[in-house]
Every structure is written in structure tokens, then in C-alpha cells.
Amino acid sequence: MELYLDLHSQPCRSVYLLAKRTGIPFTFKSVDLSAGQQFGEDFGKVSVVRKVPAMKDGDFILTESVAILQYMVEKFPQLVPGHWYPSDLQRRALVNEFLSWQHTALRAHGSKVFWFRAVVPVVTGTAVPKEKMDSALEDLKQTMDLFQSKFLKDSSFIAGEEVSLADLVAIVEIMQPVGTGLDVFEGQPALSAWRERVKKVIGEELFDESHQSIMNVDCLAKTFQDNGMLEFLKPRINKMFT
């Protein structure tokens with residue numbers, strides 16, 4: 001199995017963490033998004049959507065992270081403990097509910113804050129207008145509040161007392177704005193306790209290793225400059241504000 005990944009990407013980290021934590025055998029195929037490798041000819045043969053993660057298992061290809069996670073769980077039942085994707089109908093439904101919701105909520109708002117704080121200023125040379133930044137931060141706050149009240153509640157994990165794919169996807173999404181220096185866990189003891197439980201299950205060393213690139217986003221300016229991506233990104237980012 002080949003996994004095409006860039007660990008700056010939240011969905012890539014979820015796929016990587018599940019594979020590493022459970023011992024699923026795979027070959028890491030690096031796709032450097034900051035260098036535009038997703039637009040290269042070689043990767044285009046793997047994924048016509050030109051996004052990561054992508055998985056190639058023989059001649060079989062998947063290009064959506066949730067589908068890849070579910071595929072890995074079901075392909076390697078001897079390696080992946082059942083709690084990651086519960087067989088119990090209602091617990092699995094809770095996992096699926098969160099995975100369906102997060103795309104347009106937690107992922108969308110966390111990613112927007114990441115781009116506004118870490119990428120846009122690097123590419124344009126100016127900060128995002130205050131009213132747009134404030135709106136993005138408020139959207140993220142409301143989403144984080146909903147995540148706690150609707151999905152986490154008073155449970156140890158999203159689907160009950162054991163960690164699942166839902167927690168794995170949630171933690172990598174929440175860590176994206178954290179990488180820009182925005183501590184969304186500050187003043188949130190229940191959320192912080194959940195994070196520590198998830199990290200403990202994953203393993204702190206593996207968790208920190210997988211998030212190393214996102215916690216060093218200050219290097220993006222030089223990376224974009226070295227890779228010639230500044231000019232490529234400028235018109236796309238300018239479009240966001242016109």
C-alpha cells in the first residue's frame with residue numbers, strides 16, 4: 001500500500017497516524033504541497049483531483065481521507081482494534097455523524113484560520129483585514145463550542161469511552177490553527193483533557209512527530225520563496241478578497 005502524503009495537511013496526518021499507530025504496512029510517498037508537487041505529472045497519474053492524501057493499493061486508488069481511513073480499518077482487521085471504527089450500530093453511527101459534519105465545520109473553519117494567519121500574510125506581504133480575521137475566528141469559536149456540546153459532551157471520546165476515527169480526525173483538524181500560535185485549548189479544561197487522552201492513545205512521540213511540520217509554519221515564507229510558489233499562490237489568494 002502506498003500513501004501519498006504531506007503532513008502539513010490535516011487529512012494526511014489522520015491517515016498517517018492510524019497507519020503508524022496500528023502497524024499497517026505502507027510506503028510513504030511524499031507530495032510536497034508547498035512545492036506544488038500535487039500538480040506534477042507523476043502525481044496526476046495517481047489522483048486526478050490532485051489532492052492529498054491519496055492511497056494506492058495495487059491498482060486500487062482512493063483519494064478521500066475518510067474513505068481511506070475506513071478502507072484501512074476494514075482491510076486490516078487483524079491489526080486495527082475494533083474501537084477505531086466500532087461494529088456496534090449506534091457507536092459507528094456516532095463516528096459517521098462526526099465524520100460527515102466535520103468537512104464543512106471544523107475542517108472548513110480551522111483551515112480558514114490557518115490560511116489567514118499563516119499563509120496569506122506570507123504570500124501577500126500584508127495581514128488579512130481585521131474584519132475578515134475576526135469573522136473567521138468567531139466562526140471557529142462557534143464551531144469549537146458546538147464540537148464540545150454536540151459531539152464530545154461529557155464522554156471521554158466522541159463515540160463513548162474508547163477512541164475512534166472521529167477523535168483522530170477531530171484532533172488533527174483542531175491542531176491546524178494551533179500551529180499558527182492560536183491556543184484554542186486555553187481556558188477549555190474539558191477540551192484539553194480530551195486532547196491529552198487522544199494523545200496518550202496515539203502515543204505522544206508519534207503525535208508530536210506527525211505535527212512537527214505544522215508547528216513550524218514560520219518556515220513557510222522561505223519554503224514558498226525557495227520553491228517559487230509565491231507567484232503561483234498570489235492570484236488564488238487575491239481572489240479570496242475580491
Side-chain angles (χ1 to χ4, degrees), residues 5-18 20-21 32-34 52-53 65-66 69 98-99 101-123 127-128 130 132-153 156-158 163-224 237:
L5 309 168
D6 182 329
L7 296 184
H8 284 95
S9 156
Q10 310 94 293
C12 286
R13 293 198 299 274
S14 66
V15 169
Y16 176 78
L17 284 169
L18 180 69
K20 290 287 286 186
R21 176 64 181 84
D32 188 348
L33 299 178
S34 68
V52 289
S65 60
V66 170
L69 289 168
F98 172 80
L99 294 176
W101 172 81
Q102 56 89 24
H103 292 287
T104 56
L106 198 56
R107 172 163 173 70
H109 297 141
S111 295
K112 190 173 187 178
V113 168
F114 175 82
W115 272 77
F116 277 14
R117 287 172 61 91
V119 181
V120 173
V122 168
V123 175
V128 170
K130 183 178 185 302
K132 290 187 178 293
M133 179 64 79
D134 288 347
S135 176
L137 291 170
E138 180 59 27
D139 286 343
L140 178 60
K141 180 184 181 303
Q142 291 180 5
T143 300
M144 292 296 298
D145 290 344
L146 183 58
F147 168 68
Q148 292 189 76
S149 62
K150 159 65 179 169
F151 294 98
L152 193 54
K153 301 178 184 176
S156 296
F157 299 101
I158 293 172
V163 74
S164 70
L165 296 181
D167 301 283
L168 187 60
V169 170
I171 193 63
V172 297
E173 293 295 345
I174 293 172
M175 288 300 295
Q176 201 73 0
V178 172
T180 70
L182 179 66
D183 188 358
V184 299
F185 297 99
E186 185 178 4
Q188 301 288 341
L191 189 66
S192 297
W194 165 78
R195 174 193 58 189
E196 294 309 308
R197 288 192 292 270
V198 176
K199 285 182 66 174
K200 185 176 180 179
V201 172
I202 292 172
E204 290 196 15
E205 184 176 347
L206 174 59
F207 184 89
D208 291 343
E209 178 248 313
S210 68
H211 285 88
Q212 183 176 1
S213 57
I214 205 65
M215 299 305 289
N216 289 281
V217 292
D218 290 345
C219 300
L220 277 179
K222 185 177 187 306
T223 301
F224 285 148
I237 287 179

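Being a predicted model, the structure only gives us computed values, none of them experimental.
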From the list R107, Q102, H109, side-chain hydrogen bond (donor to acceptor under 3.5 Å, both in side chains) with T143 holds only for H109
Which atom pair, heavy atoms only, marks the closest approach of V113 to P177?
-> CG1-CB, 4.0 Å
State, yes or no, whether a side-chain contact exists between E186 and S192 at a heavy-atom distance under 4.5 Å.
-> no
Would you say the side chain of D32 lies within less than 4.5 Å of the side chain of H8, judging by non-hydrogen atoms?
-> no
Determine whether I174 and R195 make a side-chain contact, defined as any pair of heavy atoms from C-beta on separated by less than 4.5 Å.
-> no
Given side chains that start at C-beta, do those of R13 and Q176 come closer than 4.5 Å, heavy atoms only?
-> yes
Separation of S14 OG from L69 CG (nearest 0.5 Å) | 4.5 Å
Looking at side-chain heavy atoms only, is the closest gap between L182 and L137 below 4.5 Å?
-> yes
Validation row: H103, V66 side chains within 4.5 angstrom (heavy atoms) = yes
How far does OH of Y16 sit from CD of E209, to the nearest 0.5 angstrom?
-> 3.5 Å
Is it the case that more than 12 heavy atoms not belonging to Q212 sit under 6.0 Å from its CD atom?
-> no
For the residue pair L99 and A166, what are the closest heavy atoms and their distance?
-> CD2-CA, 4.2 Å
Got a second to check how far K199's NZ is from D167's CG, nearest 0.5 Å?
-> 15.0 Å
Would you call V163 and L168 a side-chain contact if the rule is heavy atoms closer than 4.5 Å?
-> no
S65 and Q10, any side-chain heavy atoms less than 4.5 Å apart = no
Can you name the residues that form a ring-ring contact (aromatic ring centres under 6.0 Å, His included) with F151, not counting sequence neighbours?
-> F98, W101
